[in-house]
Visitor: 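Got a structure here, written out as structure tokens. Questions coming.
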Amino acid sequence: MKKIIALAISAAFVAPAAFADVELGPFSIYGAAATAVEVISVENNTGKPLVSTKDSQTRLMDQTSKLGFKAKYDLGNDFFALAQVESRFYLGNNGDNTDDKAEIGSRNTFVGVGGKQVGTLRFGRYDNAYKLSLKQIVPTLYGNLNDASATYGSKQILNRLGGRQGDMVAYETPDWSGFSGNLSYNFGKDSTNSISSGSAGVPSNTAATDLMGQTAFGIAYKHSMFNVGFGYTSVSNAAWKLDGSSGASAKNLTGSQKLEAYQLGGQVNYMDFSAGAVFERTSSSLSGLAKGNFDQYQNVFGLIGGYKKDALEVQVQYAKASDVDGTTLVGTGGQQASIAVGYTLHKYVQAVASFTKVHNQTNANFTSASGFGLDKSNGMNQFALGLVGKF
């Protein structure tokens, strides 16, 4: 009995390190636990006192911790079936209202079928093809070291119509001599949360009052030394008054309406270095009303530089949004610059430090991706230091 108890205690300590290397047949468990202490200094340009949640502070903030279960089954003749459940959890969130997103299946959760020669078809909750096209165009920018340094997302400068969406049908082509593509359609039931800003505390699975389906596709070419690609998306039954909100805010409005975006760019990879750029235009219009008509677009661009060798990884990002064209309102653009450094302490453990600076013009409130809100015209300096454990 003593030997059995000793063996059980030993297994309890050994299992966490070994588990990451073990797959149970077609089934595997994976995830990441990531958090950081963030020191935020707000540049208040409003001339008014700030509420505590939008003022300078030091906090412990989660950096996209997740837990996933996935399986891949061989159907024969190079065909396969997929199943995945991926969930969000939080290691420190400063009382943030995103607590309601920590639910089973809140991240990419789907079933699918595919083949080596025909590609993969997924049904469920998944990243739309517009978001994935950014990964194809500038993979270093997409794979940011922490949330605090990220420049893309619904409230960030780049890829605001990209997102993880429910009611999704998504298709991914196989690799055709370096060429690949993605196509997705979201039926729009949860589009108030997927492509527009929801109110604080609203559960992430609240259904939309009006269905706003979203179609997206991306095409790309990958070579050992470079990546190039293009992505496009359009949202049905929706418009977004770009000068009214820096964060993605799609609404079903009366009249003839349009909301679409495209992005293109590439990345060069040489030895341990990478450098890339992406250009994006988001446009929206509303017509057919006696008043309130608009026809607007906004150009944004992003730059990324990366270095990765042995245990050290460095990323430098810069993103800029121009003023919205088609409005008399001035000061609707903004900029973000960040540098992040990661150091691998162990095969599954990385220390990450980053510094991010956000500068908003008078009528913009872009922010970093780690969940801190800024009032219009305010900017911030954000330092983050934390750990990421993967399994």
Side-chain angles (χ1 to χ4, degrees), residues 13-23 28-40 57-70 84-94 96 98-99 101-104 106-109 127 131-132 134-135 138-153 156 158-159 164 272 274 304-317 336-357 367-372 381-391:
F13 285 95
V14 172
F19 194 67
D21 292 326
V22 176
E23 293 186 1
S28 60
I29 301 174
Y30 66 95
T35 192
V37 174
E38 296 183 350
V39 181
I40 300 172
Q57 59 190 262
T58 300
R59 64 183 191 172
L60 182 67
M61 195 66 184
D62 186 84
Q63 306 288 315
T64 308
S65 298
K66 60 185 179 182
L67 173 64
F69 307 89
K70 61 183 178 181
Q84 178 174 300
V85 177
E86 187 173 295
S87 308
R88 186 81 158 85
F89 66 91
Y90 290 81
L91 297 179
N93 67 353
N94 201 38
D96 193 273
T98 51
D99 255 346
K101 295 180 182 177
E103 57 188 14
I104 294 176
S106 58
R107 291 177 59 82
N108 288 342
T109 299
D127 293 338
K131 179 179 179 181
L132 292 177
L134 186 68
K135 181 179 181 180
V138 275
T140 301
L141 185 149
Y142 184 89
N144 49 275
L145 288 168
N146 62 9
D147 289 353
S149 62
T151 52
Y152 68 92
Q156 285 67 64
L158 289 165
N159 203 249
R164 180 176 300 109
D272 303 317
S274 61
I304 178 71
Y307 172 81
K308 186 175 183 180
K309 184 175 183 180
D310 299 328
L312 180 65
E313 184 173 2
V314 181
Q315 294 179 356
V316 179
Q317 297 189 35
Q336 177 179 329
S338 65
I339 180 170
V341 179
Y343 189 83
T344 300
L345 305 172
H346 179 273
K347 181 179 180 180
Y348 300 113
V349 182
Q350 185 180 41
V352 179
S354 67
F355 176 78
T356 302
K357 183 176 183 62
T367 186
S368 70
S370 62
F372 188 79
N381 297 315
Q382 180 180 33
F383 174 76
L385 178 63
L387 286 172
V388 180
K390 298 179 181 180
F391 54 91

Visitor: I'd like to know if the side chain of S338 reaches the main chain of F355, judged simply by a donor and an acceptor atom lying under 3.5 Å from each other, with no hydrogens or angles considered.
Guide: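 Checked: no pair found.
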Visitor: OH/Y307 to CD/Q315 distance, rounded to the nearest 0.5 angstrom?
Guide: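 With rounding to 0.5 Å, OH (Y307) is 14.0 Å from CD (Q315).
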Visitor: Is any side-chain heavy atom of L145 less than 4.5 Å from a side-chain heavy atom of V341?
Guide: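 They are not in side-chain contact.
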Visitor: Consider only side-chain N and O atoms of D147 and T64, and report whether a donor and an acceptor are under 3.5 Å apart.
Guide: yes
Visitor: Q84 side chain to N108 main-chain N or O, any donor-acceptor pair under 3.5 Å?
Guide: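 Indeed, once roles are kept as given, a pair shorter than 3.5 Å links the two residues.
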Visitor: Hey, does the side chain of T35 reach the backbone of M61 with a donor-acceptor pair shorter than 3.5 angstrom?
Guide: yes
Visitor: Run T344 and D310 through side chain to side chain contact (heavy atoms under 4.5 Å, CB included) and show every step you take.
Guide: CA-CA 8 Å; T344 300; D310 299 328; over 6 Å; no
Visitor: Output, in order, the C-alpha distance, side-chain angles, deciding distance and verdict of side chain to side chain donor-acceptor pair (under 3.5 Å) for Q63 and E38.
Guide: CA-CA 11 Å; Q63 306 288 315; E38 296 183 350; 2.9 Å; yes
Visitor: Can you confirm whether T58 sits close enough to F383 that some side-chain heavy atom of one is under 4.5 Å from a side-chain heavy atom of the other?
Guide: no
Visitor: Would you find a donor on one side and an acceptor on the other, under 3.5 Å apart, between the side chain of Q156 and the backbone of S368?
Guide: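 It does hold such a pair.
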Visitor: Determine, stepwise, if the pair K135 / D127 fulfils salt bridge (charged side-chain N to carboxylate O under 4.0 Å, His left out).
Guide: CA-CA 11 Å; K135 181 179 181 180; D127 293 338; over 6 Å; no
Visitor: When you measure from the side chain of T109 to the backbone N and O of R107, does any donor-acceptor pair fall under 3.5 Å?
Guide: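 Side chain of T109 to backbone of R107, a donor-acceptor pair under 3.5 Å: yes, one is there.
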Visitor: Can you find a heavy atom in the side chain of V388 that is under 4.5 Å from one in the side chain of N146?
Guide: no
Visitor: Rounded to the nearest 0.5 Å, what's the gap from NZ on K66 to OH on Y30? Could you check?
Guide: 6.5 Å
Visitor: Would you check if Y142 and Y152 make a side-chain contact, meaning some heavy-atom pair closer than 4.5 Å?
Guide: yes
Visitor: Check the pair K308 / D272 against salt bridge (charged side-chain N to carboxylate O under 4.0 Å, His left out), numbers first and verdict last.
Guide: CA-CA 5 Å; K308 186 175 183 180; D272 303 317; over 6 Å; no
